K.L.:
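One structure, as structure tokens, below. Some questions next.
Note that this is a predicted model, so its numbers are computed, not measured. Residues: numbered from 1 along the sequence shown.
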Amino acid sequence: MLTEAMAIELGPHGIRVNAVAPATVLDEVYRGQSPDHPAYVNFTIQARRSGAPGRLRMSPKRSRFLASDRSDWTTGVVLDITGGAHVARRLSAPADTRAKK
């Protein structure tokens, strides 16, 4: 909401406001699922549609688009860089990690 509110307030001044929301990056610690990893780590990796953890170099590449002239009509956007985990997590959570109602 802060991104959207700032885009509304600053837009008339020619200022675009966007945000980047990267997923947890496990690249340097965990390279894939393993029975030796904590359950949450395996679940985080599994939730990504690619099945691989994020890499540190992913976010800056995508962030440059928002800073470039190619995105001159983009404002008030939160760019999720999650490998699909932000949409899959709710649907693929193991039963013991789902919120109880």
Side-chain angles (χ1 to χ4, degrees):
M1 291 301 298
L2 180 61
T3 303
E4 292 177 11
M6 289 178 66
I8 291 167
E9 292 293 321
L10 299 174
H13 303 285
I15 300 171
R16 294 180 292 121
V17 179
N18 296 295
V20 176
T24 304
V25 176
L26 301 171
D27 187 41
E28 300 302 316
V29 181
Y30 301 105
R31 299 229 178 253
Q33 294 186 53
S34 167
D36 298 328
H37 298 335
Y40 180 76
V41 170
N42 284 328
F43 172 64
T44 299
I45 294 170
Q46 173 197 354
R48 289 183 176 78
R49 296 299 88 192
S50 65
R55 293 185 305 277
L56 292 173
R57 67 178 181 271
M58 289 177 158
S59 293
K61 237 194 256 188
R62 281 130 184 105
S63 301
R64 280 195 293 271
F65 166 73
L66 293 176
S68 74
D69 290 338
R70 294 182 306 162
S71 69
D72 62 348
W73 213 52
T74 304
T75 192
V77 169
V78 176
L79 178 61
D80 290 309
I81 304 175
T82 66
H86 71 286
V87 294
R89 184 166 282 133
R90 289 180 294 253
L91 303 175
S92 59
D96 61 337
T97 63
R98 291 188 190 137
K100 299 200 182 340
K101 294 183 180 182

K.L.:
Share the residues that join M1 in a hydrophobic cluster, the rule being Ile, Leu, Val, Met, Phe, Trp or Tyr side chains under 4.5 Å apart at the heavy-atom level.
P.N.:
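Cluster partners of M1: none, it stands alone.
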K.L.:
So, using side chain to side chain contact (heavy atoms under 4.5 Å, CB included) as the criterion, who are the partners of A19 when residues are at least two apart?
P.N.:
T3, V78
K.L.:
Under the side-chain hydrogen bond (donor to acceptor under 3.5 Å, both in side chains) rule, what pairs show up with a residue in residues 6-19, not counting sequence neighbours?
P.N.:
R16-S71
K.L.:
Could you give the distance from OG1 (T74) to CZ (F65), rounded to the nearest 0.5 Å?
P.N.:
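If I round to the nearest 0.5 Å, the distance is 4.5 Å.
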K.L.:
Under a single-linkage rule joining Ile, Leu, Val, Met, Phe, Trp and Tyr whose side-chain heavy atoms are separated by less than 4.5 Å, which residues share a cluster with L2?
P.N.:
M6, L10, I15, V17
